There are 2 protein chains.
Amino acid sequence: MHSSAEENYLKAIYKLQEANGEMVATSALAQVLGIHMASVTDMLKKMSNKKLVAYQKSKGFKLTEKGRVAAIGIIRKHRLWEVFLVDKLGFRWDEVHDIAEQLEHIHSLELIDKLDAYLDFPKTDPHGDPIPDAKGVFAISKSVLLASLLPGSQGKFTGVTDHSSAFLNYLDKIGLSLGDSIKVKEVEEFDKNFTLVLKGKKSVIVSFKVANSLLISE
Amino acid sequence: MHSSAEENYLKAIYKLQEANGEMVATSALAQVLGIHMASVTDMLKKMSNKKLVAYQKSKGFKLTEKGRVAAIGIIRKHRLWEVFLVDKLGFRWDEVHDIAEQLEHIHSLELIDKLDAYLDFPKTDPHGDPIPDAKGVFAISKSVLLASLLPGSQGKFTGVTDHSSAFLNYLDKIGLSLGDSIKVKEVEEFDKNFTLVLKGKKSVIVSFKVANSLLISE
DNA sequence: AATAAATATTAGGCTAGCCTAATATTATAG
DNA sequence: CTATAATATTAGGCTAGCCTAATATTTATT
């Protein structure tokens with residue numbers, strides 16, 4: 001079994017690979033984990049010996065298949081626990097991250113599969129992130145950043161890329177919720193503000209910064 | 001916040017104090033934790049500095065009030081998670097211990113109180129052990145070992161002192177379940193076997209060894 | 001009370017996972 | 001192409017929590 005530290009590295013590497021393509025840099029990992037580069041070099045050497053990551057000198061490193069499977073398992077656990085915390089225990093979507101970060105390290109395949117069934121096999125977590133099934137397969141769903149859409153486009157708000165409490169609370173405040181159908185009414189040339197029309201004819205204006213953290217599907 | 005190692009010590013000390021009175025010996029703790037005595041001495045010195053335990057040279061040590069509160073908090077978490085695993089996820093009572101041992105170290109007061117509410121404030125865990133409330137108070141319930149009862153006594157089977165899979169499976173096999181009303185029909189002089197009559201007029205015979213791990217109330 | 005047995009403590013080591021400081025390598029700019 | 005900046009690695013240290021071996025202290029036995 002992997003240690004919590006290792007699991008955190010695996011998850012972080014996976015996410016960096018998803019976001020920035022193939023190879024990941026020591027510095028990038030150090031930054032997202034809040035750990036010094038020397039320590040990362042250290043740890044990666046160990047994980048490399050365990051065949052969790054493969055790395056080419058000065059090109060960076062990436063997960064091996066074994067590492068990828070492990071990473072997806074952790075992401076699955078994290079997201080399922082988030083669903084549990086929100087759907088069953090009544091936490092708000094901005095409160096669950098830290099607790100799920102702990103719960104994701106509980107070791108028991110049986111536990112997580114039973115939890116999955118108990119939650120009725122959810123496909124996404126409370127932030128709209130996809131949850132891989134027991135085999136590690138994600139139900140593919142294409143989504144784009146609101147920031148990339150042109151006036152007139154429409155779709156459904158299905159996810160966020162910023163999971164901070166500050167951001168999530170802001171969305172709650174302006175009344176934008178996961179699942180809302182939206183239409184881009186206007187994109188202001190001058191400051192890139194987006195004017196959106198929501199299903200119930202309400203309209204909201206969000207900054208480019210916000211639009212850049214909202215995922216739209218369909 | 002306390003480390004998992006510390007929490008395991010706290011819980012073990014608490015249980016030893018419950019079982020064997022006031023002072024706990026280094027050796028006893030080493031034995032139940034499966035750790036060498038020298039390591040225990042080490043750790044206790046640290047916990048002593050943190051005022052979690054108080055120890056008098058060569059008399060042993062005991063929890064301080066602070067340590068006791070912490071220990072009860074961990075026990076509360078362990079038992080609530082066990083209820084969750086059995087009642088909600090469908091685990092059997094003999095399967096939950098190891099997973100609960102991990103879950104009990106998740107740090108979040110809010111989580112555990114919400115879990116408690118979600119489970120509808122259970123008073124006992126799947127093995128009949130009492131669950132302290134959020135203030136650390138146990139709903140007192142007097143129980144005695146079946147082994148101490150005389151023929152003719154009756155009561156309700158409300159707990160076990162042996163949590164091993166082997167033992168719990170044996171009880172399942174002979175059809176003895178938590179909550180069953182029982183009456184001691186006979187105690188064989190020769191081998192101390194107990195003949196019990198269950199509510200639905202079934203009768204079962206258990207050895208002294210088994211009787212010594214069954215708690216009877218009322 | 002003297003000795004053996006049991007119990008406890010000290011001393012020195014080890015690993016995981018982090019740190020700082022120093023050095024090496026690679027990329028970028030003039 | 002060289003100087004500087006950015007990135008990566010090595011070397012040496014630290015803490016938590018464990019270990020073994022050696023030593024000390026208690027308790028029990030004769």
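Quick note: numbers below take in every heavy atom, side chains included, and nothing from hydrogens, waters or symmetry partners. Note that the structure is predicted; figures quoted are calculated from it, not measured. Naming convention: chains lettered A, B, ... in sequence-line order (proteins, then strands); numbering from 1 in each chain.
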Gap between atoms [atom1] and [atom2], on [X] and [N] respectively (whole Å):
X        : N       : atom1 : atom2 : value
Gln31(A) : dA6(D)  : CD    : C1'   : 14 Å
Lys45(B) : dC18(D) : NZ    : C1'   : 14 Å
His36(B) : dC19(D) : NE2   : C1'   : 7 Å
Asp42(A) : dG12(D) : CG    : P     : 14 Å
Lys50(B) : dG17(D) : NZ    : C1'   : 12 Å
Leu44(B) : dA8(C)  : CG    : P     : 10 Å
Asn49(A) : dT15(C) : CG    : P     : 14 Å
Ile35(B) : dG17(D) : CD1   : P     : 10 Å

Q.
So does Pro130(B) get a backbone contact from the side chain of Arg79(B), meaning a donor-acceptor N/O pair under 3.5 Å?
A. yes
Q | Short N-O contact, Glu110(B) and Lys114(B), less than 4.0 angstrom | A | yes
Q) Salt bridge check: are Asp113(B) and Arg76(B) linked by an N-O gap of less than 4.0 Å? A) yes
Could you tell me whether [X] contacts a base, only the sugar-phosphate backbone, or nothing, with contacts defined as non-hydrogen atoms closer than 4.0 Å?
X        : result
Ala25(B) : sugar-phosphate
Tyr9(B)  : sugar-phosphate
Ser39(A) : base

Closest to side chain of [X], choosing from [options]:
X        : options                   : result
Met37(B) : dT9(D), dA8(C), dG17(C)   : dA8(C)
Ala5(A)  : dG17(C), dC19(D), dT9(D)  : dG17(C)
Ser3(A)  : dC18(C), dA16(D), dG17(C) : dG17(C)
Ser27(A) : dT9(D), dT9(C), dA8(D)    : dA8(D)

Q) Under 6.0 Å between ring centres, would you say that holds for His78(A) and His97(A)? A) yes
Q | Whether Tyr118(B) and Phe84(A) hold their rings parallel, tilted or perpendicular, with breakpoints at 30° and 60° | A | perpendicular
Q: Establish, with yes or no, whether the OP1 or OP2 oxygen of dT10(D) is under 4.0 angstrom from a side-chain nitrogen or oxygen of Thr41(A).
A: no
